[in-house]
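Working notes for the structure below.
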Amino acid sequence: MKKLFALLLALAMVLSLAACGASEAPAATEAPKADAPAAEAPAAEAATGSVYYLNFKPEADAAWQELAAQYTAETGVPVKVVTAAGGEYSSTLNAEMAKDSAPTLFQCGNMAGLKDWDEYCLNLAGTDFAAELTTDAFNLYNEAGELKCVGYCYECFGIITNIELLEKAGYTVADITDFASLQKVAEDITARSAELGFSAFSSAGLDSSSSWRFSGHLANMPLYYEFRDDGVNEAPATITGAYLDNFRNIWDLYIENSTCTGAELSGKTGDNSKADFTEGKAVFYQNGSWEYAGLVEAGMDAAKLTMLPIYCGVEGEAEAGLCSGTENCWAVNAKASEADQKATLDFMKWVVTSDAGTTMMAEQFGPIPFKAAKTPENVFFAAANDLTAAGKYVVTWAFNHTPNVDSWRATVVTALAKYSADQSDANWAEVVTAFVDGWAYEYSVVNG
Amino acid sequence: MAKNKKADSVNLVQRPIRKWAPLFILPTFAAFAIGFVWPFIQGIYLSFCNFNIPTDAKWVGLQNYAKVFKDAGFLNAFWNTAGFAVVSIILINVVAFFIAYALTQKMRGANLYRTVFFMPNLIGGVVLGYIWSMIFDGILKNYSTYLTAEPTYGFWGLVILVAWQQIGYMMIIYIAGLQAVPEDMLEAARIDGATGAQTLFRVIIPNVMPSITTCTFLTLTNSFKMFDQNMALTGGLPSVMENGAKINTTELLALNIYSTYNINKNYHGVAQAKAVIFFILVAVLAIAQQSATRSKEVQQ
């Protein structure tokens, strides 16, 4: 028995050594097999270049892998897709960029990202791929005015609404046009929640899996209106917090008309909140267009879903639409070989022009700003388009300017959690401090 | 003549071993050099550089170190770590020793208890962190509060978690030490009429000093290097603005270094400088502790 085991170990060692040798040896004469991509890649690379995409959307990973395999089958160009989830993306990108086979295609979500990676981003102006764009609105330019990152899709967020439950409570979507009407509906549902069997809002969890919906997305409301008034269009060193009372309005509404008490929020997760909504325990769920597939998968009827703008009591907000923007921007590695850059640009063009590519993009990312785009079935984008068509203004993603974003948000979440457990004015003052002083501090850290 | 013969036979065995020793050491040495020595040297070099990825480092001198000492968060993390180390070293070692002492007495089910106490050590730190954060939140919910509401909750939460995890491991080391205490010494103590306490403090503890050295060394370095439990349990929260600076109140040194690195590319070198300071600190403390406890060890 022992001998057999030793033999097996020895065999495993020899085989693994042999495997290393094979993939490193450029003179490997075997015919490339389907299950040996490592041995196959170097040969093909020399001729046509290859693509290595570092994706940051785990929910789209399977779709990217499939699309990459299809592209390789059609053109023979190897495409490797690796996914690093949001929180891990920057550290993965750092590690991968240091390697010889660095990503040729990666994400640069915002101006701060572009500042870090500027010298690694190829100027995309004038490429065949860029010629397919329908709008410049989601692109990022560096200080020299070069087109470095292209927004390949956009997203919108707001208050996802279960129309069926809303009607059960005796209201329609048309009844909600501003903060006052939203408040009236929410408070009425709360008053009758025992009888109705559901609450107005799903839990506004402050666990890290959920808190970004508020420290990021909801915080966009006061930031957007402040920047609009002050004409800000690049990251400011300080903010005034002029609209923080409105932020308090909507936050109070969320937590006072919810499925749980304010003190429980610190431990509530994103899944808790989503479950509240999909199980029919809440009418409203603040989240974005990316949730569509998940909600339908959880058994919700797409026809019974829509998205309302976030109202917080700002003057003239009856004319507000959804919050639309993007953090999905592609950049091509300027330090990759020319063959690889060309292969990558060809692949990008194929993704946004071919039938397979545009179908996948429509399914996974909704509308994309390219000429050959297919219309997505996602009802939240339909809601966004309807609002825009009705002449409502788009609330842009002001939070993209946040300095040292994770750190700033952590302070805001700490203060929000404390306030939620005890809604005193003193605790709200801490939220304001975290918001305003935190911003100035983080700005000085990042630029210091 | 006989003596020579013996020397010959030793040489016959040892000479080829001596000759080939470098070859046998080579793989491990190469791995050590590639995996430890070289990254370590590069790490020190990078602490004097501004870099996004290690291959495009630019020398900036002591600038990174200057930034470290101006960072209120780092200082706070240092005091947190020091406090945490003191509390956890005492707690873990005292409790582990007494459990080991109890389990080496003749009692039913001692083996079962040893296994049970050791088991938490088999679970990974991140998993433990998340599980315990749920446990603590579940308990604190009854008092309308939560784990990250106050820095003290997070601190003591981490102490409890780490004690729960490491006591079993240290217990095993102490059990081995206790079992090695010579029976004749104990018997002599009994015959001389020593009380239980006298036996413990005059006979047993001096004899298990080597185990105490090992365990305090392990708990000291473990508490200073504590990272995953810290990140998973509180992630440094609550994070507050104090005197115009931002502080993650339950952050320990390793987590502080990690979050510094992620600020932006200008902070990669600063995090590296913090890591170098951190290394020196842990090395000095560990050497001091070793020499302090070693001197109390007795020869059996």
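Per chain, numbering begins at 1; letters A, B, ... match sequence-line order. Note that this is a predicted model, so its numbers are computed, not measured.
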More than 12 heavy atoms of other groups within 6.0 Å of B/Tyr169 OH: no
Interatomic distance, B/Tyr146 atom OH to A/Lys418 atom NZ [nearest 0.5 angstrom]: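 Interatomic distance, B/Tyr146 OH to A/Lys418 NZ, rounded to 0.5 Å: 8.0 Å.
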Separation between NZ of A/Lys335 and CD1 of B/Ile53, rounded to the nearest 0.5 Å: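 Those atoms lie 6.5 Å apart.
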Per-residue contact mode, B/Asp56 against chain A (heavy atom under 4.5 angstrom): side chain
Engaged part of B/Asn52 at the chain A interface, taking heavy atoms whose separation is under 4.5 Å: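 For B/Asn52, backbone and side chain are both near chain A.
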Residues forming a side-chain contact (heavy atoms from CB on, under 4.5 Å) with B/Ala273, sequence neighbours excluded: B/Ser47, B/Asn64, B/Tyr65, B/Val68
Option in A/Lys115, A/Glu430, A/Glu442 with maximal non-hydrogen atom pairs under 4.5 Å from chain B: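 Among the listed options, the one with the most contacts to chain B is A/Glu442.
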Pairs of heavy atoms under 4.5 Å with chain B: top-ranked of A/Val446, A/Thr433, A/Asp437: A/Val446
Does any backbone or side-chain atom of [X] lie under 4.5 Å from a heavy atom of chain B? Answer side chain, backbone, both or neither.
X        : answer
A/Asn404 : side chain
A/Val445 : both
A/Ala410 : both
A/Glu119 : side chain

For B/Asp137 against A/Ser266, the heavy-atom pair lying closest together: OD1-OG, 4.5 Å
Shortest non-hydrogen contact between B/Lys246 and A/Tyr441, atoms and distance: CB-CE2, 3.2 Å
Residues of residues 260-271 of chain B within contact distance of chain A, non-hydrogen under 4.5 Å: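 From residues 260-271 of chain B, the residues near chain A are B/Tyr261, B/Asn262, B/Ile263, B/Asn264, B/Lys265, B/Asn266, B/Tyr267, B/His268.
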Any side-chain heavy-atom pair of A/Phe435 and B/Met241 under 4.5 Å: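 Side chain of A/Phe435 against side chain of B/Met241, heavy atoms only: no contact under 4.5 Å found.
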B/Pro238 backbone acceptor or donor facing A/Thr414 side chain under 3.5 Å: no
